[in-house]
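Below is one structure, written out as structure tokens, with a few remarks after it.
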Amino acid sequence: MQEQLIEKKIPSLNGQDKRLLIDGNWVDACSGKKFESINPSTGAPLARLAQGDQKDIDLAVRAARRAFERSWSGKKPAERQGLLLKLADLVERDYEQLAYLQSLDFGGPISTVLAGRTRAPSLLRYYAGMATAIHGQTIESSLPGEMFTFTRKEPIGVVGAITPWNGPLNVCITKVAPALAAGCTVVLKPSEEASLAALRLGELMIEAGFEPGVINIVTGFGDAGAALASHPDVDKVGFTGSTATGQSIIRASAGNIKKVSLELGGKSPDIVFADADLDRAVKGAAMGAFANSGQICCAGTRLFVQRSIHDEFVERVARFGESLIVGNSLDPATQIGPLVSAKQLDRVCGYLEAGRQEGANVLSGGHRLTDGDLGEGFYVPPTVFTGVRNDMIIAREEIFGPVVSAIVFDDVEEVIELANQTSYGLGAGVWTRNVSIAHRVSAAIRSGSVWVNCYLPMDPAVPFGGYKMSGYGREFGADHLNEFMQIKSVIMDLG
């Protein structure tokens, strides 16, 4: 049944090895090596991908440099905009296929992925608009004589984009589109756990008319990403992923002092006050932690609940989680899919055991699902721990699974202190009817985003990024394009 569905929705997937995109051509890795992409719902292979390494990265960077210097950086803003708009139309046209590729590849429920069909083309159109909004400044000079001073914004050059597996298409677009809008060229290294949507995006970019070398895609493992991060002819790296890998990229960037922007891990607080609309807050807090099987960097996994409503509220979150249907990502009824890999399953199960050993109580979930067909995949049900202290491992470390750690608090001052007792600072939630409390807590929480009476909505026009160990730089919003630009000052003596 599933094989017939795959053949119908994405016929190009069956029986085909996937290659690297370098300088406009689909090529095998220099080593000839390949690796398998695994369906996390079943544990079965999906496709064989070229295993790129340092040699392939070097070829891709050389191609990107040639394209940048040959013509791309000098293209008119309207030309870059037109290509991105054409790509948006193609992504919109083929979105169902892209959705099924993502669902198969990383385990996102197909109903959820299909429901987000407007996000990817909207991102492309937003960044297309930014291509024609690049401008410098004229500055009144304080120097003696007749001086004319102005600034220019120029594309930084070759960009290395390294993307994760938990949102394959949208994150690739978020890395690639603003770079292209700015006039940069790109070498994209998608996660080995979910590369299929990135490769299909490359096909659509060729169809849209992007010239050879403007976009290059090298699939492979960490050694390929490390080679991209340290390459002396890469001018900037944009990375989304773990904090540990982000630290490695910072070290690798030292060779040529390349610009780096990092969107890293999180351990986000989601704070529920007693006066909140509890019906809204139950669903919001639950899905803020359980959506995408908890594989979201800013998931609200530390659930702080005011003492007078704590027991009732946490019980309701647990029951809500138990009502969610866990299953194969291609089943339209599925609400919670599998974790992305056997490795991630082992990681999450390790944290479940650590929580028990530290004395936390399992209110719901807390184990791997092994019944029937689920035993072949990588499934953990929505899990709620109670009796959690802020110093426990499950409250300090990013689990990246559908796991909530519930923590009780008494007043505003206490919860602000508890919420900020983390090395991360990516997201936070506040649930209250009190506008004063909402403003006070939003200002005091040290994180890049705060959602009030909601959790996780994102707008392309609103900046997103982290404080502390959650990284630096911002994606989305008017400032995003500046991550891919250099500012040049020009001072002319007109005397």
Side-chain angles (χ1 to χ4, degrees), residues 263-291 296-317 320 384-392 394-396 398 404-459 461-479:
E263 196 263 276
L264 306 177
K267 196 66 182 176
S268 300
D270 200 4
I271 303 167
V272 183
F273 287 91
D275 71 329
D277 180 335
L278 299 188
D279 291 336
R280 288 178 60 194
V282 165
K283 182 178 180 180
M287 296 311 294
F290 300 146
I296 299 175
C297 50
C298 54
T301 53
R302 288 190 300 150
L303 181 60
F304 292 96
V305 186
Q306 201 158 23
R307 188 176 300 277
S308 63
I309 61 165
H310 175 274
D311 292 352
E312 175 194 353
F313 186 84
V314 174
E315 177 71 25
R316 289 181 64 182
V317 170
F320 184 93
V384 175
F385 279 107
T386 61
V388 179
R389 300 186 312 275
N390 229 14
D391 61 350
M392 290 182 176
I394 57 172
R396 289 187 289 107
E398 186 177 38
V404 164
S405 296
I407 303 171
V408 67
F409 76 92
D410 288 302
D411 54 39
V412 173
E413 291 76 13
E414 180 190 17
V415 78
I416 289 172
E417 181 179 356
L418 290 171
N420 285 332
Q421 286 176 0
T422 175
S423 58
Y424 296 109
L426 193 54
V430 181
W431 300 86
T432 179
R433 290 186 173 96
N434 188 313
V435 175
S436 177
I437 289 177
H439 278 289
R440 182 178 173 189
V441 177
S442 298
I445 296 294
R446 298 197 66 221
S447 67
S449 296
V450 180
W451 292 282
V452 178
N453 294 327
C454 57
Y455 204 91
L456 290 180
M458 291 188 183
D459 185 327
V462 179
F464 179 77
Y467 286 21
K468 300 187 283 188
M469 298 290 281
S470 290
Y472 49 73
R474 289 295 180 269
E475 295 180 335
F476 312 134
D479 292 332

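Atom-to-atom distance recorded for Ser405:OG and Met392:CE is 8.5 Å, nearest 0.5 angstrom. Taking CD1 of Ile437 as the reference point, atom OG of Ser442 lies at 11.0 Å (rounded to 0.5 Å). The distance from the CZ atom of Arg396 to the OH atom of Tyr424 is 10.5 Å, given to the nearest 0.5 Å.
Using modelled atom types, one side-chain atom of Asn453 and one backbone atom of Thr432 make a donor-acceptor pair closer than 3.5 Å.
No side-chain heavy atom of Phe385 sits less than 4.5 Å from a side-chain heavy atom of Thr301. Residues Arg302 and Lys267 form a side-chain contact, since some pair of their non-hydrogen atoms from C-beta on lies under 4.5 Å apart. By the 4.5 Å heavy-atom criterion applied to side chains, Ser423 and Lys468 are not counted as neighbours. Looking at Asp459 and Phe476, their side chains never come closer than 4.5 Å, going by heavy atoms from C-beta outward. A 4.5 Å side-chain heavy-atom check between Val272 and Leu278 finds at least one atom pair inside the cut-off. The shortest distance between side-chain heavy atoms of Arg316 and Asp279 falls below 4.5 Å. For the pair Arg433/Asp277, a side-chain contact is recorded, criterion being any heavy-atom separation below 4.5 Å from C-beta on. Residues Trp451 and Asp270 form no side-chain contact, since every pair of their non-hydrogen atoms from C-beta on lies 4.5 Å or further apart.
Across all non-hydrogen atoms, the minimal contact from Ala285 to Leu303 is CB-CD1, 3.9 Å. The minimum heavy-atom distance between Ser449 and Pro463, with the atom names listed, is OG-O, 4.2 Å. Looking at every heavy atom in both residues, Glu398 comes nearest to Gly265 through OE1-CA, 3.4 Å. Nearest heavy-atom pair, Ser268 versus Tyr455, reported as atom, atom and distance to 0.1 Å: CB-OH, 3.3 Å. Across Asn420 and Ala444, no two heavy atoms sit closer than the pair ND2-O, 3.1 Å. Of all the heavy atoms in Asn434 and Asp275, the pair that sits closest is N-OD2, 3.2 Å.
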Inset, instruction - Test side-chain contact (heavy atoms from CB on, under 4.5 Å) on Val305 and Val317 and set out the steps. - result: CA-CA 11 Å; Val305 186; Val317 170; over 6 Å; no
Legend entry - Asp391 and Gln421: CA distance, side-chain angles, deciding distance, side-chain contact (heavy atoms from CB on, under 4.5 Å) verdict: CA-CA 9 Å; Asp391 61 350; Gln421 286 176 0; over 6 Å; no
Inset, instruction - Apply side-chain contact (heavy atoms from CB on, under 4.5 Å) to the pair Tyr472 and Leu264, showing each step before the final yes or no. - result: CA-CA 9 Å; Tyr472 49 73; Leu264 306 177; over 6 Å; no
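No option in Glu414, Arg389, Arg307 other than Arg307 meets the side-chain contact (heavy atoms from CB on, under 4.5 Å) test with Val408. Checked options Phe409, Phe304, Trp431; the residue passing with Phe273 is Phe409 (criterion: side-chain contact (heavy atoms from CB on, under 4.5 Å)).
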